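Labels below follow one simple rule: chain letters A, B, ... track the order of the sequence lines, proteins then strands, and each chain is numbered from 1. What you see is a predicted model, and the numbers here were worked out from it, not measured in a lab.
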Protein chains: 2
Amino acid sequence: MAFPIGELARQTAVKVPTIRYYEQIGLLPAAPRSEGNRRLYGSTEVERLNFIRHARDLGFEIEDIRELLAMAAQPQSSCHQVDSIANNHLAEIERRIASLTALKRELSRMIEECGHGRVCDCRIIEALADHSQCLAEH
Amino acid sequence: MAFPIGELARQTAVKVPTIRYYEQIGLLPAAPRSEGNRRLYGSTEVERLNFIRHARDLGFEIEDIRELLAMAAQPQSSCHQVDSIANNHLAEIERRIASLTALKRELSRMIEECGHGRVCDCRIIEALADHSQCLAEH
DNA sequence: TCTTGCTCCTCTAGTCACTAGAGAAGTTAG
DNA sequence: CTAACTTCTCTAGTGACTAGAGGAGCAAGA
């Protein structure tokens with residue numbers, strides 16, 4: 001029934017120090033201990049930690065996850081807040097994609113224009129040095 | 001000719017503490033000082049800091065910038081390495097865009113399926129809790 | 001029983017690229 | 001001369017871990 005932290009780590013693919021860290025910041029409750037002072041876990045913790053891991057994989061911040069966990073613990077309340085956190089996060093992801101796409105475009109252009117000669121003729125270095133010119137181009 | 005750190009900050013849109021930080025980590029050379037111990041800058045530093053800022057805006061890491069600056073200082077050498085740093089960075093950006101796009105898709109799906117009812121019926125919470133199901137779907 | 005090797009414990013410090021704040025000192029305008 | 005502003009140094013904080021030291025528990029084999 002009860003297993004140690006390494007087993008929890010294996011079952012959830014979350015590293016042992018990360019689990020301890022989550023306990024420290026209160027994302028996981030303090031685990032009961034064995035006689036030899038080892039943390040003991042059960043299936044509840046596996047579920048909770050899987051939830052956390054999946055949310056982290058999706059890029060949710062710890063504070064978001066704290067709120068999501070609190071809401072999941074109140075199944076009768078409205079899921080409006082859950083929806084709102086998820087939507088905010090989606091908007092943030094979209095912002096990041098847009099900004100990375102713009103970077104990608106500029107970087108690709110710089111690389112294309114590089115004549116692969118000497119540094120003094122390199123358009124990459126030039127573009128980095130002279131941002132005003134670059135801004136003017138857009 | 002020589003102006004203080006605040007003026008450099010204004011000309012480059014880099015914050016004063018950030019400039020001091022760049023000096024501390026050796027990205028900018030230690031500035032000469034006035035009688036009253038204030039840092040003094042000239043147009044060389046404006047150029048160098050603009051280069052740094054633009055590279056940072058493009059998402060290059062400090063260590064990349066350190067290398068790029070070293071190469072820019074050797075105009076007669078081949079720009080092969082410059083090209084390689086830029087290409088590595090481009091690949092990294094493309095990886096990030098791909099991963100964010102995947103997240104966006106999963107998150108959008110979760111949000112769409114949310115019936116906006118109570119938490120106990122919420123597909124967002126459910127999807128987070130049960131990643132195995134989600135993995136199986138893909 | 002002893003030893004070997006693994007897991008676990010706590011605690012501190014490091015990562016990256018800044019950012020914030022304290023407290024002191026120089027500088028400028030009125 | 002004074003008030004407001006800028007600058008100085010130094011320390012500590014951010015987020016989400018990660019690494020390492022030094023010590024203790026535990027299971028299996030000789």
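To the nearest angstrom, P of D/dC17 lies 10 Å from NZ of A/Lys15. As rounded to whole Å, 13 Å separates atom C1' of D/dT6 from atom CG of B/Asn37. Atom CD1 of B/Ile19 is separated from atom C1' of D/dC8 by 14 Å (rounded to the nearest Å). Atom CZ of A/Phe3 and atom C1' of D/dC26 are 19 Å apart (whole Å).
Residues A/Arg48 and A/Leu69 form a side-chain contact, since some pair of their non-hydrogen atoms from C-beta on lies under 4.5 Å apart.
For B/Ser84 (side chain) and B/His80 (main-chain N/O), no donor-acceptor pair under 3.5 Å exists by modelled atom type. The main-chain N or O of B/Asp83 is found under 3.5 Å from a side-chain atom of B/Asn87 such that the two form a donor-acceptor pair. Checked by atom type and distance alone, the side chain of A/Thr101 pairs as donor or acceptor with a backbone atom of A/Ile97 at under 3.5 Å. Of the possible donor and acceptor atoms, one in the side chain of A/Arg56 sits under 3.5 Å from a partner among the backbone N and O of A/Phe60.
Within 4.0 Å (heavy atoms only), B/Tyr22 reaches sugar-phosphate atoms of the nucleic acid but no base atom. The residue B/Arg39 sits close only to the backbone: its heavy atoms come under 4.0 Å of sugar-phosphate atoms, none of a base. Using a 4.0 Å heavy-atom cutoff across all strands shown, B/Arg56 reaches sugar-phosphate atoms only and no base atom.
If you check D/dA16, D/dT9, D/dG25 against the side chain of A/Tyr21, the one that comes closest is D/dA16.
At least one side-chain nitrogen or oxygen of A/Thr18 sits closer than 4.0 Å to the OP1 or OP2 atom of D/dT18.
In summary, the side chains of A/Glu106 and B/His54 do present a donor paired with an acceptor at a separation below 3.5 Å, with no hydrogens or angles considered. A/His89 and A/Asp64 share no donor-acceptor pair across their side chains, judged by distance under 3.5 Å alone.
The only option from B/Thr44, B/Thr12, B/Thr18 that meets the side-chain contact (heavy atoms from CB on, under 4.5 Å) definition with B/Leu49 turns out to be B/Thr12.
Closest-nucleotide positions on DNA chain C for B/Glu63 and B/Arg38 were compared, and the one nearer the 5' end corresponds to B/Glu63. If B/Arg20 and B/Gln24 are placed on DNA chain D by their nearest nucleotide, the residue sitting closer to the 5' end is B/Arg20.
Within residues 25-36 of chain B, the residues approaching DNA chain C are B/Gly36, by heavy-atom distance under 4.0 Å.
Once you apply a 4.0 Å limit to the heavy atoms of chain B, the touched nucleotides of DNA chain C run 5' to 3' over C/dA17 to C/dT27.
Look at A/Glu23 and A/Arg20 and you find no salt bridge, because none of the NZ, NE, NH1 or NH2 atoms lies under 4.0 Å from a carboxylate O.
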